[in-house]
Each structure stands twice: as structure tokens, then as C-alpha cells.
Amino acid sequence: MSPVNLSGWRKLPLSLADLCIETTLRCGQSFRWLTALYNQWSESDSNFREKAPKFTGIRILSQDAWEALIAFICSSNNNISRISQMVHKLCIYYGPLIGHIGDEAFHDFPTPQALSGKKVESHLRELGFGYRAKYIAETARIISAEKPEGWLESLTNPENPSWPVTETSSDKEPPSYKYAHEQLLLLTGVGPKVADCVCLMGLGWGEAVPVDTHVWQIAQRDYKFGKSKTKTFSKAMYDSVGDHFRKIWGDQAGWAQSVLFTANLKSFSGQASGKTEVEAKGVKVEIEGTKEVKVEVEEFEKATIVSAPAIRSRKRTRVAAVETIKVETRTTENVPPTRRSKRTKV
DNA sequence: AATGGACCTTGTGC
DNA sequence: AGCACAAGGTCCA
């Protein structure tokens, strides 16, 4: 047998060509992923009702709390691409070797002890971690040296069946979302947003709503936050935004948040704004410049709208006689999947 | 308590 | 090519 069997789960050495969850779940062999809570959130929130349908299938992953903690410390003021590289470096340089596949080595995520070494901070600096090097080294030291064994796991939501049962010493305050959040804030490099990411994805607290730059944008644009006097984004405002979403979405608010967060991401915007297929039977297209075109009702069969708010808002009713829109200059058949961020030229 | 900057580095868009 | 600016924030004065 190849990889190690960790608590009943195995890593699958597969590429997306071998296994694609997205396609598998949507190809018609299973029919009840998700939808009950989506309906519930849509009933109580018109904005969710509007945005969510394009983003079905989003789930909250049940992650290891320690790995999530360090990964989200890395995430501060950073981009996803670099965060991934940083986590990979932590595994390569400090994680235990799991094994080889071909000549490629695979490492697990490092332990808190492994990241507590004296030279960790300076080494991580050299590896390009920037100011997060100190946060990681400090947090690793606190957890491995100052906290009792199993401290982080003791903050897990005991009601959440996705996490194994953890013992909690009876003399301590019983675990609750608020308590877990507050405890995490004591670590270095962990503010309210990172704490909520760990609560939600690493500790099973479904009501944790990580309010980052995207969610703050959403709160302002779609939920009227920051319009009155207190415009600045203070801790009080942070809690207020979370409380509002918990109120309208309930005890799985973090999941609903994740749906709208994804809908707001630029890298996913193709699902929401572009790539909308419309039947445009009897539409004639005049090209003016590169992508600007005028559409007249006449002869096209299908067009892929790249950006056409006027038409989108009209749904499928009818296309006006003459519209200035942006379309791809080819019909939808044989259109290859669009590649975003294709900066890698080789 | 609340507010304004600084902070490392890389990716992205012009 | 090269330069701003943003990127799933946090800490410190």
C-alpha cells in the first residue's frame, strides 16, 4: 500500500483529470447537496437569493485546526497564490516526510514543536514570509511551550460531528464560539478575522463569520454597513457585521458568508457577470473596435455575453432591438474554457 | 476605546 | 519593461 493511512482517511495521489468533485457532484448522479440551507437563507435574505444560485456546491471544509491556524496567519494582507506557496514551504522544510511518489517527496504539515526552533523566524524571513515569519514562530512557541497538550483542539465545537470528540477539563470555561474566538486572539498574528477562519474551518463553529476585505465590501454595499457615522472598521464594527449575519443566517452563518464571499471574488466573477449564455435568436452583430458591438435583432443563434448588465438584468425576456454590449466574437459551440490569469508564458 | 500607519512580498493590470 | 496597487489583516503608537 502506498500512502500512510491516517485515522481512516487517505490522501489520493490524483490530478483533477482523475477526480473532479465539482463535476462529479453535478453530473446527475446525486441530487441533494446543499440545497435546504440555501433555500432557508434565500427566504430570509433577498441578497443571498440573488447571488447564491450561481454558486451552488460551496461547502465549508473541516480542516485541521493547527494547520488552518498557521495557514490563515499566512493569509493576512496576502494573496491566495503566495499563501499556497508559503504553506508548501512550511511542509517541505519543517514537515515530516510521508513518502515518495515517483521521485517526488510528500511532506505532511509540520507540528508546533517543529516550528518552535530558534532559527525558524529568520529562516522563514529568508524564505519570503515577510513579517508573518515572526507571527508563525511566536504562535508555534506559545502553543508548544505555554499551552497544555491538546489546548487548541479543546476549543472545538463539541456538537459538531465533523470533528472528533475532544476532552475538556471541567475546571475551565466550557467551549463556546465566543470563548474559542477570544482565546485565539491571544496568539500572535491572530486578529478577529483569522480567529474566525480557525473557528469556522478548524474548530467546527458554524456561526463564525470571517469578516475580511471582501465581506466588509459586501456588508457595505449590500447590507448598508458603514453608511452612518462609524465608518471605520473597528473591532466593534467587526463584531457588529458578524452579529448581523448571524441574525439573518443563523447558526451556519459562516457557510452562507462563504457563498457570498466566493460570489464576490474577482477570480470567480466569470460565473456571475461574464459567461452568461443567452439565447439571441435573430440577433445581428456589428463589430465596432475589438469587443464593442451593436446587437440588432436578426441572425445570431447564441452568443456568449462577456459583459452586458442591461441584457443580464432583463433575464431571458427579450433583447432590445439595438444594444451596445460586449460579446465574444464566436458562437458558444466549440468555445474552449476561458483561462483566467494566464500570465505563465513559459 | 478608537484611529492611523507601517508592514514583507508577490501577483496583477496598465 | 516597469511601476503602482491590491492581496481573505495585525500590531503598535
Side-chain angles (χ1 to χ4, degrees), chain A residues 51 55 58-61 63 67-90 120-140 142 181-202 208-222 225-226 228-242 245 253-270 274 290-291 306-307 338-346:
Chain A
K51 306 284 172 56
F55 296 89
I58 292 169
R59 313 280 290 193
I60 300 296
L61 299 178
Q63 305 185 57
E67 177 169 346
L69 172 61
I70 296 302
F72 283 109
I73 286 176
C74 292
S75 79
S76 77
N77 200 16
N78 206 350
N79 59 69
I80 292 173
S81 169
R82 180 153 79 119
I83 299 164
S84 304
Q85 294 176 48
M86 288 162 76
V87 172
H88 187 53
K89 284 179 183 172
L90 289 177
V120 170
E121 180 181 340
S122 58
H123 182 220
L124 292 181
R125 277 267 177 185
E126 290 171 21
L127 291 175
F129 280 63
Y131 57 79
R132 301 165 197 81
K134 182 183 176 184
Y135 298 162
I136 293 169
E138 261 293 283
T139 289
I142 292 171
H181 179 93
E182 168 189 311
Q183 286 296 301
L184 291 170
L185 288 181
L186 300 175
L187 301 168
T188 312
V190 180
K193 188 271 176 178
V194 170
D196 272 337
C197 283
V198 177
C199 281
L200 177 64
M201 297 168 229
V209 179
V211 182
D212 57 37
T213 166
H214 296 281
V215 177
W216 176 234
Q217 277 177 31
I218 293 168
Q220 291 176 100
R221 187 190 62 209
D222 301 332
F225 271 84
S228 59
K229 16 182 151 183
T230 45
K231 299 169 67 173
T232 52
F233 191 58
S234 60
K235 169 66 166 141
M237 184 61 83
Y238 183 100
D239 292 335
S240 165
V241 170
F245 287 137
W255 185 1
Q257 170 275 145
S258 190
V259 175
L260 293 191
F261 167 83
T262 307
N264 208 51
L265 273 187
K266 278 197 207 115
S267 52
F268 284 83
S269 63
T290 42
K291 282 181 176 174
V306 173
S307 172
T338 46
R339 287 206 162 277
R340 312 199 137 257
S341 70
K342 47 155 177 232
R343 196 155 265 263
T344 45
K345 245 253 193 77
V346 177

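Hydrogens, waters and symmetry mates are skipped; everything else that's a heavy atom, side chains included, is used. Reminder, nothing fancy here: chain letters follow the sequence lines and each chain counts from 1.
One can place CG of Leu265(A) at 15 Å from C1' of dG11(B), the figure rounded to the nearest angstrom. Note: OH (Tyr238(A)) to C1' (dA2(B)) measures 18 Å, nearest angstrom. Between the CG atom of Asn264(A) and the C1' atom of dA6(C) there is a distance of 14 Å, rounded to whole Å. Regarding Phe233(A), its CZ atom lies at a distance of 15 Å from the P atom of dG4(B), rounded to whole Å. A straight line from CZ of Arg82(A) to C1' of dT9(B) spans 4 Å, rounded to a whole angstrom. We find that NE2 of His123(A) is positioned 18 Å from P of dC8(B), with the value rounded to whole Å. Regarding Asp239(A), its CG atom lies at a distance of 15 Å from the C1' atom of dG9(C), rounded to whole Å. Rounded to whole Å, atom P of dT12(B) lies 10 Å from atom CD1 of Ile80(A).
Judged as a side-chain hydrogen bond (donor to acceptor under 3.5 Å, both in side chains), and not counting sequence neighbours, Lys134(A) has no contacts. Listed by chain and residue number, Lys235(A) satisfy the side-chain hydrogen bond (donor to acceptor under 3.5 Å, both in side chains) test with Asp239(A) (two or more places apart in sequence, or in another chain). Looking at residues two or more places apart in sequence or on another chain, you find a side-chain contact (heavy atoms from CB on, under 4.5 Å) between Thr213(A) and Gln217(A). With sequence neighbours excluded, no residue forms a side-chain hydrogen bond (donor to acceptor under 3.5 Å, both in side chains) with Asp212(A). Considering only residues two or more places apart in sequence or on other chains, Ala195(A) meets the side-chain contact (heavy atoms from CB on, under 4.5 Å) condition with His181(A), Leu184(A), Leu185(A), Val190(A). Scored by the side-chain hydrogen bond (donor to acceptor under 3.5 Å, both in side chains) test, His88(A) finds no partners at all (sequence neighbours excluded). Residues satisfying the side-chain contact (heavy atoms from CB on, under 4.5 Å) test with Ala133(A), not counting sequence neighbours, are Glu121(A), Leu124(A), Arg125(A), Phe129(A). In terms of the side-chain contact (heavy atoms from CB on, under 4.5 Å) criterion, residue partners of Ser234(A) (sequence neighbours excluded) are, by chain and number, Ala236(A), Met237(A).
The backbone N or O of Phe72(A) lies less than 3.5 Å from a partner atom in the side chain of Ser75(A), making a donor-acceptor pair. A donor-acceptor contact shorter than 3.5 Å is absent between the side chain of Ser258(A) and the backbone of Gly254(A).
The two residues Thr139(A) and Ile70(A) make their nearest non-hydrogen contact at CG2-CD1, 4.4 Å. Across every non-hydrogen atom of Ile136(A) and Cys74(A), the tightest pair is CD1-SG, 3.7 Å. Across all their heavy atoms, His214(A) and Asn264(A) have their closest contact at O-ND2, 3.6 Å.
Residues from residues 68-78 of chain A with heavy atoms under 4.0 angstrom of DNA chain C, sorted by number: Ser75(A), Ser76(A), Asn77(A), Asn78(A). Within residues 186-194 of chain A, the residues having any heavy atom under 4.0 Å from DNA chain C are, by residue number, Leu187(A), Thr188(A), Gly189(A), Val190(A), Gly191(A), Pro192(A), Lys193(A), Val194(A). For DNA chain B, the neighbouring residues in residues 124-139 of chain A, judged by any heavy atom under 4.0 Å, are Arg125(A), Gly128(A), Gly130(A), Tyr131(A), Arg132(A).
If you take atom P in dC5(C) and the same atom in dG5(B), they sit 16 Å apart, rounded to whole Å. Distance check on atom C1': dA6(C) versus dC8(B) gives 14 Å, rounded to whole Å. On the P atoms, dG8(C) is 24 Å away from dG4(B), given to the nearest whole Å.
Consecutive pairing runs in DNA chain B reach the stem threshold at B:3-7 with C:9-13, B:9-14 with C:2-7, where a stem means at least three Watson-Crick or G-U wobble pairs with distances under 3.5 Å.
Within the 4.5 Å cutoff, no side-chain heavy atoms of Phe245(A) are placed close to those of Val211(A).
Comparing Asn79(A) and Leu185(A) by the nucleotide of DNA chain C whose heavy atom lies nearest to each, the residue mapping closer to the 5' end is Asn79(A).
Neither OP1 nor OP2 of dT9(B) sits under 4.0 Å from any side-chain N or O of Gln85(A).
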